[in-house]
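Because the structure is predicted, anything quoted here is derived from the model rather than measured. Below, each value reflects all heavy atoms present in this structure, side chains not excepted, and no hydrogens, waters or symmetry copies. Throughout, a chain's letter reflects where its sequence line sits, starting with A, and its residues are numbered from 1.
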There are 2 protein chains.
Amino acid sequence: MFRIFSIFGNEFNFNAMARTKEFNEDQALDKAIEIFWHKGYNGTSAQDLVTHLGLSRSSLYDTFGDKQKLFVKSLKRYQQQNQESLIQLFENSENIKTTITEIFKQAVLESLQDRITKGCFMVNSAVELAMHDPEIAKIVHDNQKAVEDIFYNAVKKGQESGQISDKQEARSLARFIFNNYSGIRVLARAGENDKQVYDDILKAIFSLF
Amino acid sequence: MFRIFSIFGNEFNFNAMARTKEFNEDQALDKAIEIFWHKGYNGTSAQDLVTHLGLSRSSLYDTFGDKQKLFVKSLKRYQQQNQESLIQLFENSENIKTTITEIFKQAVLESLQDRITKGCFMVNSAVELAMHDPEIAKIVHDNQKAVEDIFYNAVKKGQESGQISDKQEARSLARFIFNNYSGIRVLARAGENDKQVYDDILKAIFSLF
DNA sequence: GTAATTACGGAACGATCGTTCCGTAATTAT
DNA sequence: ATAATTACGGAACGATCGTTCCGTAATTAC
């Protein structure tokens, strides 16, 4: 920090140093994502955060402000990470339809593998908080639009290259895909672990295009 | 209440009467459904319940046990009500596919009309609680199976009468329909109020069968 | 070293949580 | 009227909530 005081026309420069943080902020945020994802906002106590993040109450509050601010920062980070990996998947994709099926199959795999099925942090937050917290609502809505657009661009590209049937409008298909992705994540969160249920849904989805 | 005491071989019958409840238990449950649906389990305080149900703490606890028991009873009642109305819809249906579209259109209407969009109480509870409360998980899972079966029977009937294409397996289609219904309810809970988004999804869904 | 600043660990705060308890009201058979 | 029972209103409980505060540790320019 660097401060300048001016007293009676004389300037004094103070360049005082402070103790360095003993933890990495991004790593702490990743831990916060984990526990908020698992337990939800209301289900996660300040003590849970202290324990799971491994830093003291004061450090936690000094760094992130309060519980709501930490949650918002976690959710935004999660959003950004997922959005980037989604974009990358389509950038490296040779066949759009195959990539979309891979995305769904991956979601199903996660649902079946995870001993603790967490669903989707964004869907969970939407259901728990969007209605009562405008800031969360905006993040959820922005995410929806962003993901929808990523699917839209992918579908459009797929239709132009003939990989995807153009019987459905690209925008409609993108929204349809997003909707089914949400549904599957809810199913996972609800603890469904019968692979056949997911496979049946995927079969129906991908017979559409 | 009726009690029998036996003292030294003599039986004494006591038939003592008590004050009558000033509220209707089912009406109170409906109020509980409302507020739990709106605010979620963790978001609803005991004071919220007292205020919204209009009865005292003691009456509330005497009647329903505790908050979790009241929630379970509310969710079960909601499940039963919805299941019955769904069955009735298909019993009175002349065209299965039309009825299914009506169900979705109704969900969309509710999402757009409600000033406070509550989504679906079952979906909300699944996301918030199924993972941490086995009793809720069972209700959610039973509901999923029951609703899936209702759709399955309806689809099968529709396919036999030629109202629904039999290109899709009935079981697969039923699960697909359920999945999209969940998705739409999440969208509503997230506050989506652009009719075009819902219409696009419905268009895609119903082009499948 | 000293001064200045920030990080840390943990105690402590007031508020709210879900729940219990108590005194009184209501009800009806006796 | 009395006895027996349950319902009611509201105060009160201990526990936990999110948050703040304080004393000490660490860091670096001077």
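Shortest non-hydrogen contact noted between B/T44 and B/I35 is OG1-O, 3.5 Å.
Residue-to-nucleotide contacts include a donor-acceptor pair under 3.5 Å from the side chain of A/R19 to the base of C/dA7.
Taking a cutoff of 4.0 Å between a charged side-chain nitrogen and a carboxylate oxygen, A/R185 and A/E110 qualify as a salt bridge.
Summarising the base pairing, D/dG23 is matched to C/dC8 through a Watson-Crick or G-U wobble pair whose two defining distances lie under 3.5 Å. Of the nucleotides present, C/dG1 is the one that pairs with D/dC30 by Watson-Crick or G-U wobble criteria, both distances under 3.5 Å.
When B/F36, B/F71, B/W37 are each tested for a ring pair (Phe, Tyr, Trp, His ring centres under 6.0 Å) with B/Y78, only one passes: B/W37.
Put simply, NZ on B/K39 is 16 Å from C1' on C/dG18, counting in whole angstrom units. Atom NZ in B/K67 sits roughly 15 Å away from atom P in C/dT16 (whole-Å rounding).
Annotation: of the two residues near DNA chain C, B/G65 and B/E22, the 5′-most nearest-nucleotide partner is B/G65.
A heavy-atom distance below 4.5 Å is not found between the side chains of A/L187 and A/S111.
A side-chain donor from one of A/S59 and A/S56 sits under 3.5 Å from a side-chain acceptor of the other.
Within residues 41-64 of chain A, the residues that have a heavy atom under 4.0 Å from DNA chain D are, in order of number, A/T44, A/S45, A/A46, A/R57, A/S58, A/Y61.
Among C/dT19, D/dG18, D/dC8, the nucleotide with an atom closest to any side-chain atom of B/K21 is D/dC8.
Judged by distance alone, the side chain of B/Y152 and the main-chain N or O of B/L173 form no donor-acceptor pair under 3.5 Å.
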